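This report concerns only the one structure given below.
Treat the numbers as computed from the prediction; the structure is a model and nothing was measured. In the text below, chain A, chain B and the rest are named by the order of the sequence lines, each starting its count at 1.
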Number of protein chains: 2
Amino acid sequence: MTKPGKATITDIAKRVNMTTVTVSRALNRPEKVKKETLDRILEVARELNYVPNALARNLKSRESRLVGLITASLDNPFYGEIIKAISREAKKRGYSLLLFDTDGSPELEERAVDTLLSYQVSGLILSVVSDDNDYHPAYLPKLELARIPVTQIDRKLAKAPFPGVYLENTESGYQGARTLLKQGHRHILIVGGPEKSNITISRLAGIRRALDECPEPTKLDVLYGDYTQTPAREAVNAYLASGKRPDAIFGLNILIMLGTLEAIRQHGLSREDIGLFSIDQVPYADIFGEPIPCITHNTYQLGLTAINMLLRKIDDPGYQPYDEIISGELRL
Amino acid sequence: MTKPGKATITDIAKRVNMTTVTVSRALNRPEKVKKETLDRILEVARELNYVPNALARNLKSRESRLVGLITASLDNPFYGEIIKAISREAKKRGYSLLLFDTDGSPELEERAVDTLLSYQVSGLILSVVSDDNDYHPAYLPKLELARIPVTQIDRKLAKAPFPGVYLENTESGYQGARTLLKQGHRHILIVGGPEKSNITISRLAGIRRALDECPEPTKLDVLYGDYTQTPAREAVNAYLASGKRPDAIFGLNILIMLGTLEAIRQHGLSREDIGLFSIDQVPYADIFGEPIPCITHNTYQLGLTAINMLLRKIDDPGYQPYDEIISGELRL
DNA sequence: CTGTTAGCGCATTCAG
DNA sequence: CTGAATGCGCTAACAG
């Protein structure tokens, strides 16, 4: 009955003995078409299982109703709510989501940007593989020239002109360290991300400030990693294997804290032996009756802020967004 | 320097005094263009920050290099690895991912299908909001007529002609129940999904078979829900509040088990008081030293199988995929 | 209310 | 090796 390929407005036009223009009108501005014609066209459209071709429409209108999302790892629990928020809000506003997981690879990140640009995305949310000061992705000039709205998330590119939504890192470090000090811990092990990551640097700065304020002598050890679980576990394992025993361990993100917990277990240490603190809440810890003191962030809000910033800038190119900071909340 | 809009092959053509045809060739079949011309074109292309317009290209070629993914909830941990696998493999094969979260809403699911069709996706991976026998989405005929490859995941549509990758549900139920019986539990509470969900029905069938095989008298209670955490928690809470005390609780998926754990805690019950079993592994349980016996599935493999099935069918329309079953593994 | 013309950016004939 | 012509599906002007 139906043609092999998909039906186009041309097919409909033929069937109703009209031109494509009228069909197009009927579909987009129903009020500008005579009722009978309209009905007839809609009827045939449904008969033919007509689905508008977004590619053609977008080619013409020069906007794709597509939003790109680039993230360094889809399965990082930190991003769960963020993606959910972005997806929901984008959909609500008529945008679809083109998703890229760079797996932490700068090459894939570059390819993702290229691909997104080629699809003429209306805007792009970017959480970059690295926030080191010396990470200068080659695609940056290209992205700027593309003149499409870009919103960064969590990790801030050293010198990119794009606004973003970030966490309150220094303060979180400060609060975390204070909490541990207040609990009486004096020898603290920090397990962080890359040494040159600005997030890690900021959090450490906050931590150091808290220690400086402490009247008693304190000791700080720092382990660097890459914000993922396995390296964190291995680093802590090695540290503990060397016989060192801090009073407390402060993991700078969820995955790091998970790796840390693994290491602690492997060394037969219990939660009573060692204080813990993490930035962002380890999922389900409460459910297992092992709540870990932490700074939580409303990540859904973060995602929402980012997508709203982006969509607003898409709607109004004159809008000049500024960075937004999501502040954390101490959770003991 | 550069024009406001993005550069097109026409811009490049003008700059090098050639036609778009040659430019297009240079970009796609470099070997069919004189070396000098080629170099010149590539040089100008880079100067102009040229990015091919995928919309135009795809409109012409009638294929989008886009794969759609529809899932009922992005933040369900069960889907984490699945999405990762799909994303990775798709990217590797030159496809990009258009992602939709239906939030459990049939309406959003229908809209997602429409949108995906309009973007001329090359194929579509579908995890439907409901696998009840009487869920017959209105979009089904449309989707069939679209003649694009579709692969289902986890939840199987009652009568849709699309192949899929599913879990071994009856067997998992059987193994789970046997495990609990072997541990001496005789009064078992099942917390499942919707009463009419085929997955729940199959798992229950396996469970009942195990109980039937038990020589001693057993008791089975069943609570239905919707595969998410809150309803599960509330159902179990109400159940426990009524004073009933099963020997063990068998949660039919991760979120259900999490809700169950919450309820147990709220009632001051400990892990010693009650046996537990879940289908799919509750994330991080081991890390918290509270491993929960379960049937695990290699969900990465599931995702990989699904995307490979899809891509193969895209490449070879003659290929007739059959359903694949991912079997579980008992983990005590 | 409906049609004509034209073009979005690209790539595929078919000639030269 | 390069170009002229054509059309993918859709829609904005501008008629009529």
(message) According to side-chain contact (heavy atoms from CB on, under 4.5 Å), who are the partners of Leu27(A), at least two apart in sequence or on a separate chain?
(response) Ile9(A), Val23(A), Ile41(A), Leu42(A), Tyr50(A)

(request) By nearest nucleotide on DNA chain D, pick out whichever of Arg62(B) and Thr20(B) is the more 5' one. (result) Thr20(B)

(request) For Arg62(B), enumerate each residue passing the salt bridge (charged side-chain N to carboxylate O under 4.0 Å, His left out) test, keeping only those at least two apart in sequence or located in another chain. (result) none

(message) Going by the rule salt bridge (charged side-chain N to carboxylate O under 4.0 Å, His left out), which residues pair with Glu89(A) if we only count those two or more places apart in sequence or in a different chain?
(response) Lys92(A)

(request) Output every pair passing salt bridge (charged side-chain N to carboxylate O under 4.0 Å, His left out) with a member in residues 112-134 of chain B, not counting sequence neighbours, ordered by first then second residue. (result) Asp114(B)-Lys142(B), Asp134(B)-Lys196(B)

(message) Rounded to whole Å, how long is the line connecting atom CD of Glu63(B) with atom C1' of dC10(C)?
(response) 14 Å

(message) For Lys313(B), give me all partners under salt bridge (charged side-chain N to carboxylate O under 4.0 Å, His left out), at least two apart in sequence or on another chain.
(response) none

(request) Compare side-chain N and O positions of Tyr50(B) against OP1 and OP2 of dC10(C) and report whether any pair is under 4.0 Å apart. (result) yes

(message) Can you pull out every salt bridge (charged side-chain N to carboxylate O under 4.0 Å, His left out) where at least one residue sits in residues 148-162 of chain A? Sequence neighbours excluded, please.
(response) Lys156(A)-Asp323(A)

(request) Give me the bend of the helix from dC1(C)-dG16(D) to dG16(C)-dC1(D), using the axes of the five pairs at each end, rounded to 10°. (result) 40°

(message) If we ignore hydrogens and angles and just use 3.5 Å, is the side chain of Ser61(B) paired with the main-chain N or O of Arg57(B) as donor and acceptor?
(response) yes

(request) Grab the CZ-P distance between Arg29(A) and dC1(C) for me, whole Å please. (result) 15 Å

(request) Using whole Å, report how far CG of Asn28(B) lies from C1' of dG9(C). (result) 12 Å

(message) With side chain to side chain donor-acceptor pair (under 3.5 Å) as the rule and sequence neighbours excluded, what pairs involving residues 98-113 of chain B come up?
(response) Lys84(A)-Asp101(B), Lys84(A)-Asp103(B), Arg88(A)-Asp103(B), Ser105(B)-Glu107(B), Glu109(B)-Tyr135(B), Glu109(B)-Tyr139(B)

(request) Mind running a 4.0 Å heavy-atom check of residues 51-60 of chain B against DNA chain D and sending the residues that fall below it, in number order? (result) Leu59(B), Lys60(B)

(request) May I have the distance from Lys6(B) (atom NZ) to dC8(C) (atom P), rounded to whole angstrom? (result) 16 Å

Enumerate the protein-to-nucleotides 2-4 of chain D contacts in which both atoms are nitrogen or oxygen and the separation is below 3.5 Å.
residue: dT2(D); atom: OP1; partner: Thr37(B); partner atom: OG1; Å: 2.8
residue: dT2(D); atom: OP2; partner: Lys34(B); partner atom: N; Å: 3.1
residue: dG3(D); atom: OP2; partner: Thr19(B); partner atom: N; Å: 3.2
residue: dG3(D); atom: OP2; partner: Thr19(B); partner atom: OG1; Å: 3.3
residue: dG3(D); atom: OP2; partner: Thr22(B); partner atom: OG1; Å: 2.6
residue: dG3(D); atom: O6; partner: Arg25(B); partner atom: NH2; Å: 2.4

(message) According to salt bridge (charged side-chain N to carboxylate O under 4.0 Å, His left out), does anything in residues 16-38 of chain B pair up with another residue at least two apart or in another chain? List the pairs.
(response) Lys35(B)-Asp39(B)

(message) Applying salt bridge (charged side-chain N to carboxylate O under 4.0 Å, His left out), can you list everything that pairs with Asp316(A), at least two apart in sequence or on another chain?
(response) none

(message) When you measure from the side chain of Gln152(B) to the backbone of Phe162(B), do you find a donor-acceptor pair of N or O atoms at a distance under 3.5 Å?
(response) yes

(request) May I ask you to evaluate whether Thr8(B) reaches the phosphate of dG9(C), defined as a side-chain N or O under 4.0 Å from OP1 or OP2? (result) no

(message) Rounding to an integer number of Å, can you tell me how far Tyr119(B) OH sits from dC8(D) P?
(response) 22 Å

